[in-house]
Each structure stands twice: as C-alpha cells, then as structure tokens.
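Structure first, commentary second.
Remember, it's a predicted structure, so these values are computed and weren't measured experimentally. For the single chain, residues carry numbers from 1 onward in sequence order.
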Amino acid sequence: MGNKRRQPSLAQLRAFAAVAEHLHFRDAAAAIGVSQPALSGAVSALEEALGVTLLERTTRKVLLSPAGERIAVRTKAVLAEVGALLEEAEAVSAPFTGVLRLGVIPTVAPYLLPTVLRLVHDRYPDLDLQVHEEQTASLLEGLAAGRLDLLLLAVPLGVPGVVELPLFDEDFVLVTPLDHWLGGRDGIPREALKELNLLLLDEGHCLRDQALDICREAGREDAPVTTTAAGLSTLVQLVAGGLGCTLLPRTALTVETSRSTRLLTARFADPAPSRRIALAMRAGAARAAEYQELAAALREDLKELPVRVVHGPPPDNHPR
C-alpha cells in the first residue's frame, strides 16, 4: 500500500496560520482562543500530516522554515476560501438573498417585468435577480437542468416535476386595422374568428399555440397562418399595415397599440378567450417557501394591471 498522509484539519491550519502571523506561541494561542499546549499540538500534528517541518523552534523565538513560508501562503488562501464558503452558505440560508435566475417568455417579459423588478427592488433589495428571456421549451429545459430557478410563463404546462404558482388570468383582445368591420366593437362572438385573416407569432411561441386553440374552439379547422412574426411588436405593425388581425393579451395592449394610430381593438363577449400566467418551480425546490411568498407579493402588485388575480391552493412540493 502507498504512503497515505492524513488530511490536515481546519483547526490545525488555523493554529499554524496564527503562529505564522505572530511568530509567537503565546500570542498566537491568545489570538485564536486556545491554550499554548493545544496550539503547539495542532501545529505538530499538521507537520506530521504534511510530512514537512513548518517551524524552527528556539528558546527565544519561532521562525518559519522554507517549507513553512510556502505552506503559510497556501494555508491563508485555504482559510479565506473556507470563510467565503461559510458566508455563502449563510447568505443562501437567509431568505431573498443571493442569486435568483428568473426565466420569462417573450410575450410576458416587456409587460410584467416592470412590476416584477419594482417589487424586487423595493421589497427584496438583497436579492440578485437575473432575468433570462426565452421561449417556453428552452425555459423548461433550463429549469430541469438547474440553469434557471424560477419561470414566469403561460400555463398549464403539464410537465412532471414542475409546480405551478398561478398569478392571474387575462383576456385576449382582437386587434384590427383601422377600416376593419370588427374594429372598435364590444361583445363580438368567438365564431367571428372563423372568417378572419389572423396573423400569428412564429412557431415555438406559446401564444401562437393559444391562438390556434382559440380558433379551434371557435370552430375553425384550418390553421389561419399566412404571415407570422417573431414578436408582438412586429405582429401589431403588420396589422396596422392592413395585412390582417391578431390576438393580444390585455397586458400587452397599451404598450403595443400605442405605437400606431392605424389600429382598433375589439373585445369578445363573455367568457372571453384568456390565458393564465404563473410562476413555475421545480417540485421540492429548496427555496419553495420564498417562491410562494414572491408569488403572493406579485399577486398584490399585479392588481393594478387589467388582469384577474388567481389565488391558487398551496402546492405540494414534496412529491411522493
């Protein structure tokens, strides 16, 4: 068998670091709050564990050996890293501190992030919020891989191991060109969608899938896609140019329609087609209580928006 040296302990490293700093056993022992015999024993044990002589002891003073001078530098670095590790663990254990990596879908980010960022700034100033805007599939992949901690997106997802914290429901509104026969009307039936040239987002956006579902519910069998766009802003400009109509969630309406005077909106009869927005986290997430508290705080602040806040039951974060 090979010669296996024992691992030095943190107590041994601290004892040696104190002696290396003070070059005096009594002063070093007082600095770390141990007795001189305990300090001397710890340094001797470290020398034995490492297989090198660290100190040159005389009756009048203590000197570092050449090996001791080199090991002292390493010891200081190791103890500094241990201290940083303990500080990090303390920060992580404190609620709403450290990094929170939030994933957001593009059809939510521009309209809800101002509320989210203001809430975090005012209520959780020690939280380092990092935002990632991606489509739903990429967000779910990031959540599963641990790249993301929390998602803000449309639900239901129906994904095993993902817990949804519902925030609100919002209606869809029909956006039309200025001269469209439905423009400006209230109480339009969903069946009107069967006759429209409807412009949609590109594939991969959940809003596209929701619009297609609404069309199918209205009795439209074909996919009403002649022109698509990568984002809602482009989609609305296409409508303003007379290429067709589109569906917008209420939270996006003011931002997207204020850029053009060549648009009208039409509202559906109750119950209007709608979508639900939620936070989503991994089942059993260590910070589940924080995420639930954040969801509750968001529901309060989101009441200012044209949405219907949803108070869902507390999720079961302990899968059987």
Side-chain angles (χ1 to χ4, degrees), residues 102-113 132-144 148 150-176 188-239 243-253 255-257 265-268 271-281 305-308 310 312:
L102 176 68
V104 191
I105 56 175
T107 59
V108 162
Y111 322 114
L112 297 190
L113 277 181
H132 302 262
E133 185 185 59
E134 302 169 24
Q135 293 184 10
T136 299
S138 177
L139 292 180
L140 289 171
E141 181 183 342
L143 186 69
L148 299 172
L150 192 63
L151 307 182
L152 179 59
L153 72 179
V155 296
L157 299 167
V159 177
V162 175
V163 176
E164 299 170 8
L165 306 175
L167 298 176
F168 63 85
D169 293 332
E170 63 174 331
D171 292 340
F172 284 103
V173 175
L174 184 68
V175 181
T176 75
I188 64 172
R190 295 194 191 197
E191 289 73 21
L193 293 172
K194 293 197 298 185
E195 310 301 327
L196 298 181
N197 179 26
L198 203 61
L199 308 179
L200 301 178
L201 291 174
D202 294 337
E203 291 189 12
H205 290 276
C206 61
L207 190 57
R208 172 195 173 94
D209 298 331
Q210 291 160 354
L212 291 174
D213 287 342
I214 293 169
C215 288
R216 281 190 285 269
E217 291 171 4
R220 186 166 185 163
E221 299 299 328
D222 66 313
V225 180
T226 56
T227 302
T228 62
L232 290 184
S233 296
T234 302
L235 206 59
V236 171
Q237 292 308 310
L238 294 175
V239 174
L243 294 187
C245 303
T246 195
L247 293 170
L248 279 189
R250 284 286 306 275
T251 51
L253 193 62
V255 172
E256 298 302 343
T257 60
T265 59
R267 302 187 188 279
F268 291 93
S274 64
R275 70 172 181 174
R276 174 163 292 185
I277 300 299
L279 292 175
M281 63 181 180
L305 300 179
V307 301
R308 296 182 298 279
V310 177

query: Under 4.5 Å between any side-chain heavy atoms of Leu212 and Leu198, yes or no?
result: no

Smallest separation among heavy atoms of Pro273 and Arg190, with atom names: N-NH2, 3.4 Å

- prompt: Between Ala280 and Leu157, which heavy-atom pair has the shortest distance, and what is it?
  reply: CB-CD1, 4.1 Å

For Asp213, all residues meeting salt bridge (Lys or Arg N to Asp or Glu O under 4.0 Å), sequence neighbours excluded: Arg216

message: If we ignore hydrogens and angles and just use 3.5 Å, is the side chain of Arg250 paired with the main-chain N or O of Leu305 as donor and acceptor?
response: no

task: Decide yes or no for Ile214 and Phe268: does some side-chain heavy atom of the first lie under 4.5 Å from some side-chain heavy atom of the second?
output: no

query: Donor-acceptor pair, Glu170 side chain versus Thr251 backbone, under 3.5 Å?
result: yes

Enumerate, atom names and distances included, each donor-acceptor pair closer than 3.5 Å involving a side-chain atom of residues 136-144, sequence neighbours excluded.
from, atom 1, to, atom 2, distance (Å)
Ser138, OG, Glu134, OE1, 2.4

- prompt: Do any N or O atoms from the side chain of Glu164 and from the backbone of Pro156 form a donor-acceptor pair under 3.5 angstrom?
  reply: no

query: Side chains of Leu247 and Arg275: closer than 4.5 Å at any heavy-atom pair?
result: no

- prompt: Counting N and O atoms only, with roles assigned by atom type, does the side chain of Thr246 sit under 3.5 Å from a partner on the main chain of Leu199, one being a donor and the other an acceptor?
  reply: yes

- request: Measure the shortest side-chain to side-chain distance between Thr257 and Leu248 over non-hydrogen atoms and say whether it is less than 4.5 angstrom.
  value: yes

query: What residues form a salt bridge (Lys or Arg N to Asp or Glu O under 4.0 Å) with Arg308, not counting sequence neighbours?
result: Asp171

Worked check of side-chain contact (heavy atoms from CB on, under 4.5 Å) between Leu174 and Leu196: CA-CA 10 Å; Leu174 184 68; Leu196 298 181; 3.7 Å; yes

- prompt: Is there side-chain contact between Ile277 and Val307, with heavy atoms separated by less than 4.5 Å?
  reply: no

- request: Report yes if some heavy atom in the side chain of Val175 is under 4.5 Å from a heavy atom in the side chain of Leu253; otherwise report no.
  value: yes

field: Leu207 and Ile105: CA distance, side-chain angles, deciding distance, side-chain contact (heavy atoms from CB on, under 4.5 Å) verdict
entry: CA-CA 10 Å; Leu207 190 57; Ile105 56 175; over 6 Å; no

field: N/O donor-acceptor pair under 3.5 Å between Arg276 side chain and Val155 backbone
entry: no

Validation row: Phe172, Pro249 side chains within 4.5 angstrom (heavy atoms): yes

task: Flag the pair Thr107 / Leu201 as yes when at least one side-chain heavy-atom distance between them is below 4.5 Å, and no otherwise.
output: yes

